[in-house]
Novice: 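Below is one structure. I have some questions about it.
In what follows, chains are A, B, ... by sequence order, proteins preceding strands, each numbered from 1. Quick caveat: nothing in here was measured; it's all calculated off a predicted structure.
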Amino acid sequence: MDVLADLNPAQKEAVETINGPVLILAGPGSGKTRVITHRIAYLINVCGVSPRRILAVTFTNKAARAMESRLLQLAGESVGQTTLGTFHAICARFLRQDGRAIGVNPQFVIYDAADQLSLVKRTMQATGIDPKQYSPGAFVGAISNAKNQLLTPDDYERANRSYFEELVSRTYQLYQRMLVESDALDFDDLLMKAVALFRDHADVLAKYQSRYLYIMVDEFQDTNLAQYELVRLLGGEHKNVCVVGDPDQSIYSWRAADLRNILNFEHDYPDAKVVLLEQNYRSTKVILDAASNVISANQERKQKTLWTENEQGDAVRVIETYTEQEEAQFVVGEVERLVDSADASLGDCAVMYRTNAQSRVVEEAFIRYGTPYKLVAGTRFYERREVKDVVAYFRLIHNPQDSVSLRRVINVPGRGIGQQTLLKLAELAESLGISLSDALRLVAESRERPEAISHPFNQRTTRALADFWEMIDGFTTNARVLNLTELFDLVVEASGYRAQVLGDKDGEDRWENVLELRGVANDYQQLPPPEAMTAFLEKVALVSDSDAYDETVDRVTLITLHQAKGLEFPVVFIVGMEERLLPHVRSFDDPAQMEEERRLFYVGITRAQKRLYLVHSFRRTLMGTSAVNKPSRFIDDIPKHLVASPGWWRDGTDQVAEAVYSWNRTPVGTAADAIPETPKSGKPSPELRTGDRVAHIQFGEGIVVSCKDIRDDREVVVAFDGQGVKRLLMSFAHLEKVG
DNA sequence: CGAAAGGCTCTTTTT
DNA sequence: GAGCCTTTCG
């Protein structure tokens with residue numbers, strides 16, 4: 001297979017330049033993935049580089065898998081030896097291999113976001129910081145940021161400049177000590193410790209440097225300092241570092257991604273070859289043009305000019321609905337229409353939104369209409385309570401020092417070990433300078449040899465603690481001889497967890513999830529027990545739900561804008577195109593964050609191949625309260641000639657309703673234009689009360705069901721004769737009182 | 001100690 | 001509207 005065939009000149013150059021640093025700036029749909037895979041295949045097939053000498057880093061596990069399967073076709077079986085994965089997965093591997101050198105126990109467990117939060121909370125309490133006064137989430141964020149900037153607790157302490165940072169600093173110190181005590185690494189530690197390993201141990205670094213002669217990093221715009229440093233260190237000798245990215249698609253600054261990594265690459269690698277991939281093979285001219293106009297409103301960016309030979313295509317459709325339910329209804333209706341007219345298949349369509357919370361309403365509409373869909377990571381599987389509970393048992397068996405897991409399951413199901421007991425146990429551990437599990441073990445042993453330790457527990461509590469400890473101890477013994485599935489069954493049975501779950505009224509569903517987890521464990525049962533356990537726990541920690549996404553199934557995709565990066569669909573609906581949602585409120589006071597919101601929108605637009613719908617709702621319930629939202633300012637960045645004549649949509653009748661949406665509304669920024677100017681009624685509305693009979697231009701006569709004041713308007717619910725119940729706003733609806 | 005109920009605060013995005 | 005935490009009562 002000729003790996004250079006069918007590549008355009010820029011792509012070819014990117015593939016053929018194998019020595020020295022290369023920066024590939026790849027616009028959306030420019031064949032980036034092709035370039036990366038073909039480059040690796042070129043290294044192997046043409047240059048005769050051994051696949052083991054190649055390190056390829058992707059942003060998600062899914063991207064890694066996709067790359068692997070393409071490589072399999074291009075270069076054959078041998079690519080199995082290439083190191084391919086996310087930064088986190090690769091670092092975990094390095095650390096299990098060589099982490100001992102910096103005091104990392106190779107058996108370490110990986111703490112995910114939830115574990116991290118619970119440990120930070122506990123640490124804050126121990127430090128005397130009121131978690132109600134300071135948000136633990138903010139502390140987690142600050143600590144995580146520090147780690148991604150490679151600041152140790154001591155570094156952070158030296159650098160801190162505010163009272164808040166002082167508090168964080170104290171928390172960070174203790175938090176890190178507790179991680180060490182638990183033989184646990186959090187996500188950020190995986191990166192940070194790997195860097196520390198390479199910095200402090202030249203021999204270890206040299207080993208990896210000489211193994212990996214060619215390094216490739218995808219989505220480079222989303223790397224943080226720790227990741228950047230890792231690449232710099234590994235490629236330090238040969239500088240055969242090829243990074244691929246698009247600054248305009250940088251959407252992870254909140255995860256400490258630093259755009260400077262890509263913007264300054266040429267500065268740090270002065271002889272870097274820069275390749276621009278500007279030809280787009282994905283979208284119509286209209287869509288690409290809309291995208292270009294949107295992104296060029298950003299100030300902080302490297303100019304690049306995208307072009308395409310694709311057809312002009314349909315205009316972008318901007319739709320306003322009345323509520324988020326109607327928004328969802330519109331989307332389902334439109335999907336059905338496209339499918340019926342054979343313009344698209346279900347699998348061609350994707351619905352994208354800013355926040356996961358928005359998915360629920362959309363999902364409900366798809367259920368109601370019986371339209372098949374796939375939801376990418378709603379409530380994440382590995383974050384479900386029952387899954388985390390069972391995983392915690394496994395982590396504890398694997399690593400008894402894991403205090404977060406210990407606390408999680410010590411009283412699940414209930415064993416009479418409540419908060420007081422746990423508190424006393426923690427105090428005991430503290431006073432003896434030992435870990436929680438060691439304290440537990442000593443208490444358990446005191447049943448046999450009371451002289452071994454003095455503790456404050458009565459007989460009943462001692463017994464409960466000892467029973468628990470002995471149970472875990474028994475599991476640990478069994479873990480050496482049973483395969484993973486057998487162990488799984490033993491654990492859920494003997495711990496009483498199965499009985500507890502199934503005893504619950506909604507326990508069936510939760511048990512289903514436990515069984516699904518059993519299925520995951522089952523994948524590893526042919527491995528020898530210790531390895532199976534490690535592999536299983538690693539998978540559970542590092543694999544996210546979007547990795548399970550199956551693109552081959554012919555269903556509509558429901559997905560967040562973030563998760564949509566890297567995907568493409570013939571038909572894209574972006575819903576919730578409103579101020580406060582996209583751009584999200586939290587970015588309002590920060591221009592840099594606002595630009596990131598715009599990039600997020602840009603990512604969404606450029607997923608579309610043929611048709612793009614931008615849908616916004618007049619009213620929307622956010623966080624339990626309904627409010628009127630203005631259409632997103634980003635819509636204004638799309639030139640009018642690219643947009644189909646806009647309209648309202650309502651109630652599945654697919655008719656433009658009574659009010660015509662005004663495209664030429666006044667610029668955003670004033671409160672008054674929350675409501676479009678054009679249809680606002682000049683004359684005062686009639687006073688209406690429940691029970692009044694009213695007439696409406698389109699719906700005919702009906703009876704007022706309820707009235708409610710909203711802002712400076714009045715919302716009226718009317719049951720129209722033979723037309724159903726409609727919710728209308730007085731200032732729009734032109735209702736006449738009759739009779 | 002535990003179950004149930006009520007009250008509270010928020011939710012952006014993810015390895 | 002949901003999850004989390006606290007309170008209350010048995």
Novice: Using whole Å, what does the distance between atom P of nucleotide B/dG2 and atom CG of A/Leu422 come to?
Specialist: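 Checked: the CG to P distance equals 11 Å.
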Novice: Does CD belonging to A/Glu300 count more than 12 external heavy atoms closer than 6.0 Å?
Specialist: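 No, the 6.0 Å shell around CD holds no more than 12 heavy atoms from other groups.
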Novice: Indicate, with a heavy-atom threshold strictly under 4.0 Å, whether A/Gly416 touches base, sugar-phosphate, or nothing.
Specialist: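 Sugar-phosphate contact only.
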Novice: At 4.0 Å (heavy atoms only), tell me whether A/Phe87 reaches a base, stays on the sugar-phosphate, or touches nothing.
Specialist: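 Nothing, no heavy atom under 4.0 Å.
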Novice: How many Å lie between CD on A/Glu383 and P on B/dT13, as a whole number?
Specialist: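 For the pair A/Glu383 CD and B/dT13 P, the rounded distance is 11 Å.
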Novice: Using atom types as modelled and distance alone, determine if a side-chain donor or acceptor of A/Asn61 lies under 3.5 Å from a backbone N or O of A/Leu542.
Specialist: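 Pair found, side chain donor or acceptor close to backbone of A/Leu542.
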Novice: Between B/dT9 atom P and A/Gln133 atom CD, what is the distance in whole Å?
Specialist: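 Rounded to whole Å, this separation is 14 Å.
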Novice: Is the shortest side-chain N/O distance from A/Thr60 to OP1 or OP2 of B/dT15 below 4.0 Å?
Specialist: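 Checking B/dT15 against A/Thr60, no side-chain N or O comes under 4.0 Å of OP1 or OP2.
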Novice: With a centroid cutoff of 5.5 Å and a plane-angle limit of 30°, would you call A/Trp254 stacked on B/dT13?
Specialist: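 Stacking is present between B/dT13 and A/Trp254, given that their ring centres fall under 5.5 Å apart and the planes under 30°.
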Novice: Step through it carefully: locate the ring centre of A/Phe94, locate the ring centre of A/Phe198, and say whether they are under 6.0 Å apart.
Specialist: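 Yes, close enough.
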Novice: May I ask you to say what A/Glu219 touches in the nucleic acid, namely base, sugar-phosphate or nothing, with a heavy-atom cut-off under 4.0 Å?
Specialist: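 A/Glu219: no heavy atom of the nucleic acid under 4.0 Å.
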Novice: Nearest whole Å is fine: how far is B/dG2 P from A/Gln500 CD?
Specialist: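 That distance rounds to 11 Å.
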Novice: Apply side-chain contact (heavy atoms from CB on, under 4.5 Å) to residues A/Leu561 and A/Tyr353 and explain how you reach the verdict.
Specialist: CA-CA 6 Å; A/Leu561 287 163; A/Tyr353 34 82; over 6 Å; no
Novice: Can you tell me if A/Asn411 touches the phosphate of B/dG2, counting only side-chain N or O atoms and a distance under 4.0 Å to OP1 or OP2?
Specialist: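 Checking A/Asn411 against B/dG2: at least one side-chain N or O falls below 4.0 Å of OP1 or OP2.
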Novice: Salt bridge or not between A/Glu364 and A/Arg368? Use side-chain N to carboxylate O under 4.0 Å.
Specialist: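 Result for this pair is no, no salt bridge flagged.
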Novice: Starting at the 5' end of DNA chain B and moving along, which residue's nearest nucleotide shows up first, A/Gln593 or A/Gly418?
Specialist: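 Its nearest nucleotide lies further toward 5', so the answer is A/Gly418.
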Novice: Any side-chain N or O of A/Asn356 less than 4.0 Å from the OP1 or OP2 oxygen of B/dT13?
Specialist: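 Yes.
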Novice: Looking at A/Tyr111 versus A/Phe187, is the centre-to-centre ring distance below 6.0 Å?
Specialist: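 No.
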Novice: Using Watson-Crick or G-U wobble pairs with both distances under 3.5 Å, give me DNA chain B in dot-bracket, 5' to 3', with [ ] for crossers and | for pairs to another strand.
Specialist: ||||||||||.....
Novice: Quickly work out the A/Arg93 CZ to B/dT15 C1' distance and round it to whole Å.
Specialist: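 That distance rounds to 15 Å.
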Novice: Take A/Gly624 and A/Arg255, find for each the nucleotide of DNA chain B with the closest heavy atom, and name the residue whose nucleotide sits nearer the 5' end.
Specialist: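 It is A/Gly624, whose closest nucleotide lies nearer the 5' terminus.
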Novice: Using a cut-off of 4.0 Å on non-hydrogen atoms, how would the nucleic acid contact of A/Gln420 be classed: base, sugar-phosphate, or nothing?
Specialist: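 Here A/Gln420 touches the backbone only, sparing every base.
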Novice: Flag the pair A/Val585 / A/Glu579 as yes when at least one side-chain heavy-atom distance between them is below 4.5 Å, and no otherwise.
Specialist: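 Side-chain contact under 4.5 Å: no.
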Novice: Does any part of the side chain of A/Phe468, heavy atoms only, come nearer than 4.5 Å to the side chain of A/Leu440, both counted from C-beta?
Specialist: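 Result yes, sub-4.5 Å side-chain heavy-atom pair found.
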Novice: For nucleotides 3-7 of chain C, tabulate all protein N/O to nucleotide N/O atom pairs closer than 3.5 Å, reporting atom names and distance.
Specialist:
{"unit_1": "C/dC5", "atom_1": "OP1", "unit_2": "A/Lys121", "atom_2": "NZ", "d": "3.0"}

Novice: Give A/Arg415 one of three labels, base, sugar-phosphate or nothing, depending on what nucleic acid heavy atoms sit under 4.0 Å from its own.
Specialist: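 The answer is sugar-phosphate, as A/Arg415 gets under 4.0 Å only of primed atoms, P, OP1 or OP2.
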Novice: What's the CG-C1' distance between A/Asn224 and B/dT15, to the nearest Å?
Specialist: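 It is 10 Å, rounded to the nearest whole Å.
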Novice: Find the distance A/Asn145:CG to B/dT14:P and express it as a whole number of Å.
Specialist: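 Roughly 17 Å, once rounded to whole Å.
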Novice: Rounded to the nearest angstrom, tell me the gap between atom CZ in A/Phe187 and atom C1' in B/dT15.
Specialist: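 Those two atoms, CZ and C1', are 5 Å apart.
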Novice: Would you mind classifying the nucleic acid contact of A/Thr421 as base, sugar-phosphate or nothing, using non-hydrogen atoms under 4.0 angstrom?
Specialist: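 Contact class for A/Thr421: sugar-phosphate only.
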Novice: Does the side chain of A/Ile36 come within less than 4.5 Å of A/Thr33's, by heavy atoms?
Specialist: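 They are not in contact (no side-chain heavy atoms under 4.5 Å apart), so the answer is no.
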Novice: Side chains of A/Ile574 and A/Tyr613, heavy atoms from C-beta outward: is any pair under 4.5 Å?
Specialist: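 A side-chain contact under 4.5 Å is absent here.
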